[in-house]
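Each remark here refers to the structure printed beneath this line.
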Amino acid sequence: GSIPTFCSFTHSYCNPKQHLRSSNCQDFTQCFQNTVLVWLPCLYLWVCGPIYLIYLHSHNHGYICMSHLNKAKTAVGLLLWIICWSDVFYSFWERSHGSSVLAPVHLVSPTLLGLTMLLAALLVQYERMKGVRSSGVMLIYWLLALLCATVTFRSRILQVLDQVMSVWRYTTFYCYYTLLLVALFLSSLTDQPPLFSQAVKDPNPCPELGASFLSRISFWWITRIMVEGYKCPLEEKDLWSLNPEDCSQRVVPQLVHRWKAECQKQKTLYSPKTAQHSECKNAQAVESEILIVKTPLKTKEPSLFLALCLTFGPYFLVSCFYKIIQDILMFVGPEILRLLIDFVINSSAPTWHGYFYTALLFSCTSVQSLILQKYFHVCFVSGMRLRTAIIGAVYRKALVISSTARRTSTVGEMVNLMSVDAQRFMDLITYINMIWSAPLQVVLALYFLWQNLGPSVLAGVAVMVLMVPVNAVIAMKTKTYQVAQMKSKDTRIKLMNEMLNGIKVLKLYAWELAFKDKVSEIRESELRVLKKAAYLGAVSTFTWVCAPFLVALSTFTVYILINKNNVLDAQKAFVSLALFNILRFPLNMLPMVISSMVQASVSLRRLRVFLSHEELQEDSVEHQAAAGCYVSIVNGFFSWSRTEPPTLKRLNVCIPEGSLVAVVGHVGSGKSSLLSALLGEMDKLEGTVAVKGSVAYVPQQAWIQNSTLRDNIMFGQERREAWYQLVVEACALQPDLEILPAGDKTEIGEKGVNLSGGQKQRVSLARAVYCERAVYLLDDPLSAVDAHVGKHIFDQVIGPQGLLKDKTRVLVTNGFNYLPQVDLILVMSQGEVTEMGSYQQLMATEGAFSEFLRTYTAITFDVTVFPGPVKYCSLMHFLVFGNNLMIFPASGKKMCVRNLSKLSQPNKEGQNVRLKTENPEVGKLMEADKANVGRVQLSVFWAYLKAVGFFLSCISLLLFLTHHLLSLFSNYWLSLWTDDPVVNGTQPDRLMRLGVYSGLGLSQGVAVFGYSLSVSIGGILASRVLHQSMLYDILRSPMSFFERTPSGNLVNRFAKEMDTIDSVIPSIIKMFIGSMFNVLGACVVILIATPLVAIIIPFLGLLYFFVQRFYVASSRQLKRLESVSRSPIYSHFNETLLGTSVIRAFGEQARFIYESDRRVDHNQKAYYPGIVANRWLAVRLEFVGNCIVSFAALFAVIARESLSPGIMGLSISYALQLTASLTWLVRMSSDIETNIVAVERVKEYTDTEKEAEWKHKCPPIPPRWPTNGCIDIRGFGLRYRHDLDLAIRNMTIKINGGEKVGIVGRTGAGKSSLTLGLFRIIEGAEGHIFIDGVDIAQLGLHDLRSRITIIPQDPVLFSGSLRMNLDPFDNYDDDDVWRALELSHLKTFVSGLPDGLSHECSEGGENLSVGQRQLLCLARALLRKTKILVLDEATAAVDPETDKLIQSTIRSQFEDCTVLTIAHRLNTIMDYNRVLVLDRGEIAEFDTPSHLITKRGAFHSMAKDAGLV
């Protein structure tokens, strides 16, 4: 033959005709050693080398300097090359000196080897230049070379014993072998980082970058953090920075770019009219691309899926490669099992075969588990990047979305896109490869089965094929339920969101129960859907668990019945069972993946719709204005959405540079809309808008961020101390800063909860002023502040002498006393500008305006009071700065005080300001979500079990046990069957065996169905109980709780945590108990078969337990850190959505995007180690599992004389399943711990402080109470927190029934605090309040609050019908409601609406103007018609004329009631019976208005500021 001649030499010491193995010595032939074993590593490197070089060329990580390690690697490579060449030269030398003819192999092999070593040395250098710190390609090469050389090494030693071989070749070979060992060792070390790499600058870089290849595949590099986490719980500072390629800055722009390209493409394809010539070429290229991708061209929408594929596909493809290898390795197990059973049956086989099979089994399973973990790692990282990208894209889109689109997607939906839908994608990505991998596994399994059992496999296949449509139907049904549940969940969260935003109103009106019922109703419909889904789930679990058994049963039945000579022996039965077990996974996964894909496709559609929403027209506002006009609108028609008639019509406005323009008009006349049009927030239907220069905008309802007061004012600008001080003083914030606990470093709560309306407005104004822009658009910034503060602000900031005197200002206002000082007045009515001109002109023209003004000024005052700039000495008495700050009233405000820590007395104020700034902690307000530390308490599990019910829990456990015992017994029965003796080529009692086998199987199915159902139903019962108790607990909490707790946290509880309890926990519990029983069962079987394993199992058990505890400690903490850092993403998003118009007006989008990205990265920083920790765990556990398998096989080989093949087959087929079950068990046990945290967090609010009882049984109050409305306050005082000073002290007044009392005082004097005390929003600290002789502290809160009425400062509406907003309990009939609307001047408006009373209010009443909302609140009060009415600055947002109507309504309708009014406009209370003047929480004056004015006290000076005296 040719090979023998190629290899032949004189010293052939085994017969060369057997090329591969020599018979007498268990060894490979020389020929095989010198060819295959040498060429295999060479082949590997020459195949991988070029691909690797190309890869390195395109991925440059920087340049690594020469280091000792690198020199050593190169030196070893070159030495090896020299040794190989010396072998070649030696062969030549031998040829010239020796007598024999040399075999060509002695020249070819060393030459090839030498060249390969050279290639290896070059690769090492090239890697260094490209910044590779540790190389897998090289490591595998050295490992291969070493393994091949080891075989030769063994045979060389054997040859030495026979003393044949030349000394030279020996020496070179031993040197070669030693160097290989050294090379392998060196290549497992890692090099220094490349020059200028980011890792050097990073304080806490991810160790992955510097980890060696071995450390990477075994995930060893994370061990350090695991050890830290085990010693003490992990904290934020322990987390590494993200890898640069996972950061938002890198990931999001890629997706956004691809998506934009995709949208462009669709435009060019579908609008050929507009496509120019160049674009046509482009379109053709695109078209061909689309044909390749095979998207049907009918779709009009751009494909988000394609954009995602292009962005994340390339990296994700790597995982497919891993998956293929893993799928093939999976089938090695059953094959080795077959060989082992053969080995046990065939007693003549040499013993080393058995050991060889065991070793092979171990190495194959180990490689398989490493590859599988690598595969999962790639998948999870892809999922993580995908989530980052989606959140980033949604955030960026939300900033540019048009107002029309804003209506279609509520805040709740957008937050859901970020949280739920992004999560869906993340979950899907881990499974998506199953779409092609599952069929591949099925095909392979069927191929091996066919070889085993022949055509009877088809019976099993038929059963499987029947299972698929059943599962598909279930999946489709589940999907419809899912959509229904999502819908309910969306509505529920939206409602919760609004309730939390308007919680103060709910409490003041005692409406909690009505809303609790609304939420519960939605919740019940959600649970009904969940219950249906649970029945379906039970059916699918039944098919899931029983499918493999039915397949096996049908196959064996057919196999036996076809031919009575078909004997079911151990090899056939157990190899088939092992293969059926492999089949179980893809068959179970396919329906899951399909349903998961269906869910993701729903999410994909929602995302695509959102990302395709129309954006604001970028060009609607031009930035170079016409000559002479700084701000101009020419023939403008604007509407809030394209479909509606225009809101603003025929606008022609020209505003010259530096002028001050006032816009006045009735409620709903389009004043705010005019500003929105100038900002480009409205749809421009025709005309042009031009605004020259940068813009600052102050919205009507101030938008305050949850950060410090200073950050709110500076708004991302750089710090300019002097200017900052100037602005703060001009906006009258100085007194407020002094009362805040940490000065301007005080943290402001969400939506500014700890500031009063006036303070919010002033902060909002200060922000605009600080930012120094050319054009200022001010939407009624003076409405929420008292007259004298308003005057101060007008003079200091807005007016002709103010800070903004050179800027162009557009001021929407209802305060007419400023009008004489403005340059131009626009009078608006029904969306048009009806009159325009200066104050004098308009007064002279005798138009609507002048008439309007005359009627307004109740106390007429001469216009000439304003000859020019007003001197305001009257203000001096409260604006004295310096040390004698005692002079002016402690401004600051009701709500701030309640979050303050110890307030110092104002007289020490001077030194106190300095102390404040040093300790920023004082100003903390928001309680961030805290991560609990340590193990989850057993009480939490107990709480969940109690919620499920004890009886159900026991039944579920019993059913589980039954199922697993039956399953064990049926397999044991099978092993007995296979050991039956064969008589005349057949097994006699096979039919009896078959009957029992099938009976066992069916009873198993019933048990499965039972436990699945009971667990799901239990889960639903639990989630009903938990949700109800949480809702009740939260509604019972006092107001202070809501100010401390960000609404994001609470919404997160109702959305995320409830979702976990609804759908995740039951399924996890099912899987946990299932896998626990699986593991126990497998161990029992292995112990019965090979009792020797008993020595090993305790050790491995300990190792397993240790690894598991080690892991859970870190994993749980990481999961907590991750969920805590998740809320800020959504609360920031929420905040942004509320302030988009402000952010856009100031042009701060980039800064907010950056902040959002930073928060997402912060969250992923905790998520990434969590993924890796899972992989770390899986590698370690699979190792334990692989050990058990190998030991089971090893002891079976040792004890092969005493073992029956049936028992051995049973034992090993169970052992093969064990690895998967073990991993699953740890995953599930840690998942239970991490998810049960949801229960912990839901129960968290049971222990927080609660309000007083809502209803008291005794003493009963008279049904018509209060009958006179007489309020008697005796020595009353209250404080916002127990460690603070009193906000109101020693207040003693008596207000008679039917009196009208005005309450006035500087901001923060305690006006609102009094009302809060009256409604017991805050419980009094001392003294009593009696109403009609009943002490209100003795009443139930609802009894009290439902019998007195307030019209609150911020008009809050809830989404729902108008009627629901007026009367949530349906206590009144429609006539009453219409009458109330008529009296509150809304009848014409409401009857004009298409739906009348059932007109839907949008979230927060956005589709009504602020004034209309205020009137609705008045209508509420008129409906309730109680004896006591409190007005809290209720008319701040309406124009004077409407104000007048309201006042007259209140006077006529509440004639016999007691009315308390907190007034800013003094003219509204001039005709009241008495006026109460407050100062720093104490009574300053209390008398009739006329007396107070003659007394010339505090009230007199206020009236003077307001121009009333």
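- Here Leu974 contributes atom CG and Leu568 contributes atom CG; the two are 6.0 Å apart, rounded to the nearest 0.5 Å.
- Listed by chain and residue number, Trp977, Gln987, Asp989, Arg993 satisfy the side chain to side chain contact (heavy atoms under 4.5 Å, CB included) test with Asp980 (two or more places apart in sequence, or in another chain).
- Between atom OG of residue Ser319 and atom OH of residue Tyr375 there is a gap of 5.5 Å, rounded to the nearest 0.5 Å.
- Looking at heavy atoms from C-beta onward, Ile1198 lies in side-chain contact with Phe1195 at the 4.5 angstrom threshold.
- Between Val1015 and Pro1066, the closest heavy-atom pair is CG1-O, 3.6 Å.
- Residues forming a side-chain hydrogen bond (donor to acceptor under 3.5 Å, both in side chains) with Ser1003 (at least two apart in sequence, or on another chain): none.
- Atom CG of Leu40 is separated from atom SG of Cys148 by 5.0 Å, given to the nearest 0.5 angstrom.
- Between Leu37 and Val151 the shortest side-chain heavy-atom distance falls below 4.5 Å.
- Two residues are said to be in side-chain contact when any heavy atoms from C-beta on lie closer than 4.5 Å; Ile1188 and Tyr1104 fail this criterion.
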*Decide yes or no on side chain to side chain contact (heavy atoms under 4.5 Å, CB included) for Tyr1011 and Ile955, but give the supporting numbers first.*
CA-CA 8 Å; Tyr1011 81 66; Ile955 285 187; over 6 Å; no
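- Aromatic rings of Phe549 and Tyr997 (six-membered ring for Trp) have centroids within the 6.0 Å cut-off, being under it.
- Between Ala1089 and Ile1207, the shortest heavy-atom distance links the atoms CB-CG2, 3.3 Å.
- Below 30°, between 30° and 60°, or above 60°: for Phe376 and Phe380 the angle between ring planes is between 30° and 60°, a tilted geometry.
- Here CG of Leu976 is found 9.0 Å from CG of Leu1210. Values are rounded to the nearest 0.5 Å.
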For residues 358-365, which side-chain N or O atoms pair as donor and acceptor with protein atoms under 3.5 Å away, sequence neighbours left out?
{"from": "Thr358", "atom 1": "OG1", "to": "Gly354", "atom 2": "O", "distance (Å)": "2.8"}
{"from": "Ser363", "atom 1": "OG", "to": "Ala359", "atom 2": "O", "distance (Å)": "3.2"}
{"from": "Ser363", "atom 1": "OG", "to": "Leu360", "atom 2": "O", "distance (Å)": "3.1"}
{"from": "Thr365", "atom 1": "OG1", "to": "Leu361", "atom 2": "O", "distance (Å)": "2.8"}
{"from": "Thr365", "atom 1": "OG1", "to": "Phe362", "atom 2": "O", "distance (Å)": "2.9"}

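- Note that CG of Asn566 is 8.0 Å distant from CZ of Arg990, once rounded to the nearest 0.5 Å.
- Heavy-atom minimum distance, Ile222 versus Ala1173: CD1-N, 3.5 Å.
- Using modelled atom types, one finds no donor on one side chain facing an acceptor on the other under 3.5 Å when comparing Ser1115 with Asn1174.
- In this structure, a donor-acceptor pair under 3.5 Å is present between the side chains of Gln441 and Ser437.
- Between the side chain of Ser1012 and the main chain of Val1008, no donor-acceptor pair closer than 3.5 Å is present.
- The shortest distance between side-chain heavy atoms of Ile1212 and Met1208 falls below 4.5 Å.
- The two residues Cys379 and Ile429 have their closest heavy-atom pair at O-CG2, 3.2 Å.
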Which atom pairs, one a donor and one an acceptor, fall under 3.5 Å between side chains of residues 443-465 and the rest of the protein, sequence neighbours left out?
{"from": "Tyr447", "atom 1": "OH", "to": "Gln451", "atom 2": "NE2", "distance (Å)": "3.1"}
{"from": "Asn452", "atom 1": "ND2", "to": "Ser576", "atom 2": "OG", "distance (Å)": "3.3"}
{"from": "Ser456", "atom 1": "OG", "to": "Leu453", "atom 2": "O", "distance (Å)": "3.1"}

*asked:* Set out, in order, the CA-CA distance, both residues' side-chain angles and the distance that settles side chain to side chain contact (heavy atoms under 4.5 Å, CB included) for Ile1068 and Asn1235, then state yes or no.
replied: CA-CA 9 Å; Ile1068 284 186; Asn1235 282 301; 3.0 Å; yes
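- When the side-chain hydrogen bond (donor to acceptor under 3.5 Å, both in side chains) test is applied to Ser1204, the partners found at least two apart in sequence or on another chain are Asp979.
- Residues passing the side-chain hydrogen bond (donor to acceptor under 3.5 Å, both in side chains) test with Ser1211, sequence neighbours excluded: none.
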Side chains of residues 1074-1084: which donor-acceptor partners sit under 3.5 Å, not counting sequence neighbours?
{"from": "Ser1075", "atom 1": "OG", "to": "Met1071", "atom 2": "O", "distance (Å)": "2.9"}
{"from": "Ser1075", "atom 1": "OG", "to": "Phe1072", "atom 2": "O", "distance (Å)": "3.2"}
{"from": "Asn1078", "atom 1": "OD1", "to": "His964", "atom 2": "NE2", "distance (Å)": "3.4"}

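- The side-chain heavy atoms of Phe580 and Thr555, taken from C-beta on, include a pair separated by under 4.5 Å.
- Judged as a salt bridge (Lys or Arg N to Asp or Glu O under 4.0 Å), and not counting sequence neighbours, the contacts of Asp327 are Lys323.
- With rounding to the nearest 0.5 angstrom, the CD1 atom of Ile1073 is 6.5 Å from the CD1 atom of Ile1069.
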*asked:* Test side chain to side chain contact (heavy atoms under 4.5 Å, CB included) on Tyr355 and Leu1194; report intermediate values, then the result.
replied: CA-CA 7 Å; Tyr355 295 127; Leu1194 184 66; 3.7 Å; yes
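- Between Arg1180 and Tyr1111 there is no side-chain heavy-atom pair separated by less than 4.5 Å.
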If you look only at distance, which donor and acceptor atoms sit under 3.5 Å apart when one is on a side chain in residues 331-339 and the other is two or more places apart or in another chain?
{"from": "Glu335", "atom 1": "OE1", "to": "Arg338", "atom 2": "NH2", "distance (Å)": "3.1"}

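- Counting heavy atoms from C-beta outward, Phe1191 and Leu1092 have side chains that stay 4.5 Å or more apart.
- Taking every heavy atom of both residues into account, Ser369 and Asn1186 meet most closely at OG-ND2, 3.4 Å.
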*Passes side chain to side chain contact (heavy atoms under 4.5 Å, CB included), Met597 versus Ile435? Steps please.*
CA-CA 10 Å; Met597 282 183 77; Ile435 283 297; 3.5 Å; yes
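- The salt bridge (Lys or Arg N to Asp or Glu O under 4.0 Å) test applied to Arg1200 returns no partner, not counting sequence neighbours.
- Between Asp342 and Asn346 the shortest side-chain heavy-atom distance does not fall below 4.5 Å.
- Residue pairs meeting the side chain to side chain donor-acceptor pair (under 3.5 Å) criterion with at least one member in residues 966-975, sequence neighbours excluded, are Asn971-Tyr1214.
- Closest heavy-atom contact between Gly1206 and Thr978: CA-OG1, 3.6 Å.
- Phe1106 is linked by a ring pair (Phe, Tyr, Trp, His ring centres under 6.0 Å) to Phe1110, counting only residues two or more places apart in sequence or in another chain.
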